[in-house]
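Numbering of ligands and ligand atoms starts at 1, following listing order.
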Amino acid sequence: MDVKYVFITGGVVSSVGKGVTSAALGRLLKERGLNVAIQKLDPYINVDPGTMSPYQHGEVYVLDDGSETDLDLGHYERFVDINLTKVCNVTTGQVYADVIAKERRGDYLGGTIQVIPHITNEIKHRIAQVSKTTNADVVIVEVGGTVGDIESLPFLEALRQMRGDVGRENCCYVHVTWLPHIAATGELKTKPTQHSVRELRSIGISPDVIIARADLPIEQELTAKIAQFCDVEQKAVLPMHTADVMYDVPLRLEELGVGDYLMDKLSLKASRQPQWEVWEHLVAESRREKPKLNIALVGKYVELHDAYFSVREALNHAGLALGVEVHIDWVHSVDLEKGIGWDEVKAADGVLVPGGFGSRGIEGKVLAAKYAREELVPYLGLCLGMQLMVVEFARNVLGYSDANSTEFDPASPHPVIDLMPDQREIADMGATMRLGVYPCELQSGTRAAEAYDKLVVDERHRHRFEFNNAYRTEFEEKGVQLSGMSPDGRLVEIAELRDHPFMLATQFHPEFLSRPTRPHPLFLAFVRAACEKAEIKQEAIVFDQEISEKV
Ligand code: GLN
């Protein structure tokens, strides 16, 4: 069977939920028994988002193979329950870097290198790589940004050419747009959508499906108008007002018939009927009034919640499985240093310190760890959150008041967190950390082993610094269990406190492997401990035990 393509473009404005929509469409097709892969084409010139500030870009999502990608890949993995690979995120930077390297090698034999065909061919080559490296029947390709952006033109041209290359019958173009609301007249307007479709047409792409997004319900009259002006079948204009629960999006799209429409359009055969019971259960649970648990998330990019998207979702998944609503109090670590924000921390049933880079706000996170340790408040540390739990313990329990990570104090006399030896010679910042999945062996009888209920786990990493082994014995003697280690015994992967209800931290990022129907064991254990502190009765809700598939 030919590989089928669904191309997704955005119109009018960005941030209308194109990533979630793409992920949800992927779920619709997976529910019909198809193998689905999703690729994001990002028009910026950075090679990957790994070096970008979370303020610019939100979270950097890490895949099994260690690629640092756009956070939309997190939506794809969570909604479709697949593990993607590096071919699934392409940037302009990668495309140009490759074409220029080939030119320098002389591969083009004296030709003039141009956007068309050289850049567009490289883009098409990368789109083809997805089906070549996976067993996907359908590849969904989402283009970042909005139609009309100068920088996305080569990508759109490549998508246009794909129709000729792989055949019209194997391509479907979906345009996701926004209907602005005019408060004075109480109307939603379709004009920007009409203009955006016209712009897309001028590039040579006629959308087959228009997903009209708005903050308010969209009347049929408006979808009829869009259908007429944009020359799209009425049933292919889908009114999607903002969902109260993100995981409701696939259910709503199914109701609107887009799953069957895509199957039809691409002449695909379903090998099974969609079964939405699990997702319906998930959404019903999300909406149900539940006891509220407060978790203080102490970070430095807290103004932008997207910077911690996977952490937020992992907490949400664990809460859903335990029948509680996890409410996150976003606490700025710099504030804690100034004595601000402590009311939230003190009111919290658990403290979570996520990953991060650079020295701003570090001392605030150390104070949060100290508070959690002394007050016996459940604590979960992720990557930097582990390193600072170690620093705090060294300063206040081992008595090394000058202990630090050499990331923040290269001259610290007690560098309890230090650069990994294989990082010392590295000068480049991009894609040079310890990245991706590595195995971790757990020590039986520890909280970590109990939570996972197994002794070897694979987890995703993104760090340069590590626990300094010279201090192992001292920490262990004073009550820190190094409950997870790399199989060669060299790298500390998990540290936990023996005499504490739950103070556990990981060098890896468990948040990337949490799935809505299968919460991550450590998040589950943390939320459970927080429930106990808050004296909230937990439930044990099992959504289902789907086995995650590698594409
Ligand atoms: N900055 C730390 C390191 O490089 C922690 C990284 C992180 O939290 N992802 O090791």
Problem - Exceeds 12 heavy-atom contacts within 6.0 angstrom, atom CG of Asp499 - result: no
Problem - Lys18 side chain to Thr146 backbone, donor-acceptor under 3.5 Å - result: no
Practice task
Could you tell me whether the side chain of Asn35 and the main chain of Val138 form a donor-acceptor pair under 3.5 Å?
Solution key: no
Handout entry: Close-range residues for ligand 1, whose non-hydrogen atoms fall below the 4.0 Å threshold
Key = Gly355, Gly356, Phe357, Cys383, Leu384, Gln387, Glu407, Arg462, His463, Arg464, Phe465, His509
Handout entry: Ser333/Arg360 under side chain to side chain donor-acceptor pair (under 3.5 Å): CA gap, chis, key distance, verdict
Key = CA-CA 8 Å; Ser333 54; Arg360 188 172 62 98; over 6 Å; no
Practice task
Would you tell me whether Asp418 and Thr406 have side-chain atoms, one donor and one acceptor, within less than 3.5 Å of each other?
Solution key: yes
Practice task
Using only heavy-atom distances, determine whether the side chains of Glu496 and Ser483 contain a donor-acceptor pair under 3.5 Å.
Solution key: yes
